[in-house]
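We use all heavy atoms of the structure for the numbers below, so side chains are in, but hydrogens, waters and symmetry mates are not.
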Amino acid sequence: MVDDHPVFRIGIIKLIRKEIGIKHIDEAGNTHEALSKLDAGTYNYAIIDISLNGVSGLELTKIVKERYPQLSVLVVSMYDEEIYAKRALDAGANGYIMKRSMPSEMLEALRQFFDGKIYVSKQIGEKLLMGMLKRENIEKKDPIDTLSNREFEVFQLIGEGLKPVQIADELNLSVQTIETYKHHIKGKLHINNSFELRKYAINWITSNRL
């Protein structure tokens with residue numbers, strides 16, 4: 001269980017032990033600790049939060065799946081699933097669940113995950129299916145797809161109205177690092193300034209919500 005919030009981490013562990021019956025569960029508060037434990041032990045499952053200090057949960061998922069392809073990964077996040085679920089699945093995750101989900105939905109996600117199934121909400125499942133059906137009709141790739149997972153996180157938070165100092169605090173990075181990411185994002189999206197980037201991000205997020 002990899003999450004930098006001890007209260008949530010402990011709560012999920014208690015839920016798994018009580019409702020799923022899995023007793024041996026290790027925990028980690030950051031990417032380095034998680035990889036150290038994975039390298040030293042043998043695990044079947046990993047539950048990973050997107051918002052981690054340093055390497056994001058999406059990047060950690062990619063690393064984990066490359067090193068341990070047999071390991072099943074469930075991504076949990078406070079971020080909207082319509083924006084992050086597909087990226088999590090593309091990174092190799094076996095499911096995505098939002099932290100603010102109802103307890104019954106969280107438990108259902110855990111049960112399906114530990115049963116070896118892919119879990120996303122019904123709404124996201126339908127959206128992903130429609131996307132697959134329409135893919136052959138898409139001629140132009142969404143430029144957002146060119147962003148790295150960390151750049152996408154920064155882009156998403158810009159669209160949520162956060163300023164660089166707030167984004168830096170949210171992602172546990174320096175303001176200078178956030179500005180560097182913004183520079184890369186503007187280059188990839190062919191945007192000239194921060195005002196245009198903020199407007200673009202807000203419009204993109206609004207249009208991509210369910």
Are the side chains of N192 and K186 in touch, meaning some heavy atoms are under 4.5 Å apart? no
Residue pair R67 / L35, side-chain heavy-atom distance below 4.5 Å: yes
So do V76 and I12 actually touch side chain to side chain, heavy atoms under 4.5 Å? no
Quick check on Q70: does its CD atom have over 12 non-hydrogen neighbours (other residues, nucleotides or ligands) under 6.0 Å away? yes
Please check if I191 and I158 belong to a single hydrophobic cluster, counting links between Ile, Leu, Val, Met, Phe, Trp and Tyr side chain heavy atoms closer than 4.5 Å. yes
Is a side-chain donor or acceptor of E59 paired with a backbone partner of S56 at a separation under 3.5 angstrom? no
Report yes or no: does D3 contribute a side-chain atom to a donor-acceptor pair with the main-chain N or O of H5 at less than 3.5 Å? yes
What are the two closest heavy atoms between I205 and G159, and how far apart are they? CD1-CA, 3.6 Å
Can you tell me how far the CG atom of L197 sits from the NZ atom of K199, to the nearest 0.5 Å? 12.5 Å
What's the verdict on side chain to side chain contact (heavy atoms under 4.5 Å, CB included) for N94 and F113, showing C-alpha distance, side-chain angles and the deciding distance? CA-CA 7 Å; N94 300 79; F113 172 64; 4.2 Å; yes
Any side-chain heavy-atom pair from V154 and L173 closer than 4.5 angstrom? no
So, are D90 and K86 salt-bridged, with charged N and O less than 4.0 Å apart? yes
Taking the six-membered ring for Trp and the full ring for Phe, Tyr or His, determine whether the centres of F114 and Y45 are under 6.0 Å apart. yes
Tell me, do E105 and Y119 make a side-chain contact under 4.5 Å, heavy atoms counted? yes
Step-by-step side-chain hydrogen bond (donor to acceptor under 3.5 Å, both in side chains) determination, E160 to Q156: CA-CA 6 Å; E160 296 290 348; Q156 188 261 343; 3.2 Å; yes
Given the rule in the side chain to side chain contact (heavy atoms under 4.5 Å, CB included) test, do D4 and N172 qualify, once you have shown the distances and angles that lead to the verdict? CA-CA 11 Å; D4 58 358; N172 296 307; 4.0 Å; yes
Would you say L110 and I47 make side-chain contact, with heavy atoms under 4.5 Å? yes
Tell me whether the count of non-hydrogen atoms from other residues, nucleotides or ligands lying under 6.0 Å of NZ in K23 goes above 12. yes
Could you tell me whether the side chain of E27 reaches within less than 4.5 Å of the side chain of I13, counting heavy atoms only? yes
Distance from D169 atom CG to I178 atom CD1, nearest 0.5 Å? 10.0 Å
Rounded to the nearest 0.5 angstrom, the CZ-CD1 distance for F152 and I144 is 7.0 Å
K37, NZ: over 12 other non-hydrogen atoms inside 6.0 angstrom: yes
Assess the pair F155 and Y181: is the distance between their ring centroids shorter than 6.0 Å? no
From I48 CD1 over to L74 CG, what is the distance, rounded to the nearest 0.5 angstrom? 9.0 Å
Rounded to the nearest 0.5 angstrom, the CG-NZ distance for D145 and K188 is 11.5 Å
Exercise: identify the closest heavy-atom pair between S101 and M98: OG-O, 2.7 Å
Apply side chain to side chain contact (heavy atoms under 4.5 Å, CB included) to the pair K99 and D49, showing each step before the final yes or no. CA-CA 9 Å; K99 287 185 172 181; D49 181 26; 3.3 Å; yes
If you round to the nearest 0.5 Å, how far is NE2 of H190 from CD1 of I185? 13.5 Å
Is there side-chain contact between K62 and N149, with at least one heavy-atom pair below 4.5 Å? yes
Side chain of Q166, backbone of L162: donor and acceptor closer than 3.5 Å? no
Working for side-chain hydrogen bond (donor to acceptor under 3.5 Å, both in side chains), residues Y68 and N44: CA-CA 9 Å; Y68 314 99; N44 299 313; over 6 Å; no
Output, in order, the C-alpha distance, side-chain angles, deciding distance and verdict of side chain to side chain contact (heavy atoms under 4.5 Å, CB included) for F8 and M1. CA-CA 10 Å; F8 180 81; M1 179 66 207; 3.8 Å; yes
